[in-house]
2 protein chains.
Amino acid sequence: MNKPSLRDVARRAGVGTTTVSRVLNKHPNISDTTRARVIAAIEQLGYVPDVGARHFRLGRTHAVSALLPMIGTPFYETLLTALHSPLEAEGYDLALFPLLGSQRVRRFRDASALAYRADALLIVSQDPAQLYGGPPPFHGPTVLLDAHHPGYHSVSFDNHRAGRLAAEYALDRRLPIVFLDGADAPDAPGSPVFVARRAGIVQTLSRHGIRPVLTVSVLPEQEGLRTAAQQIAAQRPPGPFLILSMTDDLALGLRQHLQDSGLRLSEDYLLLGFDGSAAAAAAGLSSVVQPVRAMGEAAASVLLGALSGDLSTLVQRQFLPTLREDRSTVLHADRHLNPA
Amino acid sequence: MNKPSLRDVARRAGVGTTTVSRVLNKHPNISDTTRARVIAAIEQLGYVPDVGARHFRLGRTHAVSALLPMIGTPFYETLLTALHSPLEAEGYDLALFPLLGSQRVRRFRDASALAYRADALLIVSQDPAQLYGGPPPFHGPTVLLDAHHPGYHSVSFDNHRAGRLAAEYALDRRLPIVFLDGADAPDAPGSPVFVARRAGIVQTLSRHGIRPVLTVSVLPEQEGLRTAAQQIAAQRPPGPFLILSMTDDLALGLRQHLQDSGLRLSEDYLLLGFDGSAAAAAAGLSSVVQPVRAMGEAAASVLLGALSGDLSTLVQRQFLPTLREDRSTVLHADRHLNPA
DNA sequence: TTGAAAGCGGTACCAC
DNA sequence: GTGGTACCGCTTTCAA
């Protein structure tokens, strides 16, 4: 016995398909008695409307697809949570398509991919130009989040300025600088976020005639951090120094490993991270803060604007970094010097 | 100007719609010249096939929907990556629907939800009975992952036994036990994972007439951990003790905070976690290991079996815990005692 | 090798 | 208030 269709329901209830459709969609102008008959028929047959058919007919899915480079970090959890609520309030559903594994870029290039069966597309933390060779296989409102590209609506974070801010703050501390760089996985598309931060840092330092006494590049894995810590412990400058870490997560991981090597935060070294994560805050880590929630909300608003068609011009909102100073960038020695 | 349809292409190329369809689907028996004409027309019009219409016509979407309680942890990243590859190899696409925010359960109850527009459904780390009040609004192959329920295919982890294993190992250490319990967010549906682990731990301990000297319950947030650490530092037993932590993440976070309170791992306390995460391994944390990758792969295989219809009986695979012993459960004192 | 036409499951116009 | 029917874009017999 096959899945019953709307027509089966109509036949069973002795009414036309129009009437069944009206009942399903809660239209007015249906007598209570017919409505009851239809509902009875629906229950008897165990009828469930076919979402796909409805979408097809209406030409819209009420869905937004988000293309993500990964999941598994609190950053995306926060960002997407902030994004989701406003969308939901307007009746849109959100589906996530992370780039799981490595060679999956291909998946996004296929125009028949499930992700493109949506009313709007959100490209997160990725450069559309290198995601697709040419034009995207999606023809509908498209918004970039945590990324920027001329020709697309975008909500982004000024990572270059963030790098500058971090570097300037680091310079102010007047300590030798160790740079803990984040490397991209060899098969993943290079993260524009890292590129911009790195540029901001390096350019600012060199403008002041300073170069890091040591630069360590670490893959987004756990093992790399231990090696990095050992390297830093071995090659560190004689006195206290400041570590500039590409992300909070790297900073916190490194801190743990340095501890194992006998180096103590605030005594032997200072530490500055990026992102302003909750974990960083809880750990007393100074960080260049990114307004993650606000960015998610802004993206939702741009998306909704584009969906309702009243976005005449390109919207490109860029959020600015702020620096949150905490214990990790204050030397114990200095605390005694300045008891004020 | 509207989006061109297959019919427009046919007209432009001076052929029938059948031919265009055949070219698109790479059917044989098409002359090279007509194929060329069709392809030219497609490019001139910038035609992109309508995925939704095709799905509608075929009655299948080649999609699998995964319902997740959250994202943002490496656990799901690993699990889903392992799951994704085999599915992709069979031509299936994977869409993620995390329960973002709090009151989103409602979303999953709506039969017209986007998630149910798929060929198969994967319910991850959630009890279908409490996810849906009654029967699920989805009529197709459904598989539970990291969860178990009679009447569903499932791939799960024996969390109760994991709890038992942890408790037995802890008892062997013959130290007072502090239990760092994980609390569920007040609005989230209670995690069956925690329930089972907790039961395994508590039952095993009490069977041996032991109760934790201290139980601290902590929400999945950063702030709770600091408080927990303070509480433990204040109320700890006089000598060394062992902390049993509900997850590796909690264990690692706690370790950091305890350090700030002056308590040192392996000297003042031992630490045992759950999950066998990469971060735990890198940090030398002993842990009850869950074979995450294997579980993901197994789920994919069950899913594919169900999709091809050759699953005559219910498949319920349960994976067993193993204990990975590392530095975190060895006292420094003992190292000296047993130099062998 | 190619094309005409039926139809997947809904919705909405228009007539009654 | 209600029903007949065209149609959304595509795939697939069936016949030529």
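Quantities reported herein were computed from a predicted structural model and do not represent experimental measurements. No hydrogens, no waters, no symmetry mates; every other heavy atom, side chains included, goes into these values. Letters A, B, ... mirror the listed sequences (proteins, then strands); counts begin at 1.
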Check the interface with nucleotides 12-14 of chain D: list each N/O to N/O pair with the protein under 3.5 Å, or write none.
unit_1, atom_1, unit_2, atom_2, d
D:dT12, O4, B:Thr18, OG1, 3.2

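Residue-level contact check: B:Asn29 touches the bases, meaning some heavy atom is under 4.0 Å from a base atom. Within the 4.0 angstrom heavy-atom criterion, only backbone atoms of the sugar-phosphate kind lie near A:Val15; the bases stay farther away.
Here A:Phe56 lies parallel enough and close enough to stack on the base of D:dC8, with planes under 30° and ring centres under 5.5 Å apart.
Applying the side chain to side chain contact (heavy atoms under 4.5 Å, CB included) criterion to B:Val315, with sequence neighbours excluded, gives B:His153, B:Val302, B:Leu311, B:Arg317. Not counting sequence neighbours, B:Arg60 has no partner by the salt bridge (Lys or Arg N to Asp or Glu O under 4.0 Å) test. By the side chain to side chain donor-acceptor pair (under 3.5 Å) test, A:Ser312 is found to be paired with no residue, residues two or more places apart in sequence or in another chain being considered. Under the ring-ring contact (aromatic ring centres under 6.0 Å, His included) criterion, A:Phe319 pairs with no residue at all, not counting sequence neighbours. Looking at residues two or more places apart in sequence or on another chain, you find no ring-ring contact (aromatic ring centres under 6.0 Å, His included) involving A:Tyr47. For B:Arg11, the salt bridge (Lys or Arg N to Asp or Glu O under 4.0 Å) criterion is met by B:Asp8, not counting sequence neighbours.
The salt bridge (Lys or Arg N to Asp or Glu O under 4.0 Å) pairs that include a residue from residues 31-46 of chain B are B:Asp32-B:Arg35, where partners are two or more places apart or lie in different chains. Residue pairs meeting the salt bridge (Lys or Arg N to Asp or Glu O under 4.0 Å) criterion with at least one member in residues 113-130 of chain B, sequence neighbours excluded, do not occur. Note on residues 59-83 of chain B: pairs passing ring pair (Phe, Tyr, Trp, His ring centres under 6.0 Å), not counting sequence neighbours, are B:His62-B:Tyr92.
The footprint of chain B on DNA chain C, defined by a heavy-atom cutoff below 4.0 Å, extends from C:dT1 to C:dG9.
In the helix from C:dT1-D:dA16 to C:dC16-D:dG1, the rotation axis of the first five pairs and that of the last five pairs differ in direction by 40°, rounded to 10 degrees.
Residues A:Thr34 and A:Ser31 bring a donor and an acceptor atom of their side chains to less than 3.5 Å of each other. B:Thr61 and B:His55 form no side-chain donor-acceptor contact under 3.5 Å, judged by distance and modelled atom types alone.
Nearest nucleotide to the side chain of B:Asp50, out of D:dG9, D:dT11, D:dT2: D:dG9.
Remark: P of D:dG9 and NZ of B:Lys3 are 8 Å apart, rounded to the nearest angstrom. Rounded to whole angstrom, the span from the CG atom of B:Asp8 across to the C1' atom of D:dC10 amounts to 13 Å.
Two residues, B:Ser31 and A:Leu24, neighbour DNA chain C, and the one matched to the more 5' nucleotide by heavy-atom proximity is B:Ser31.
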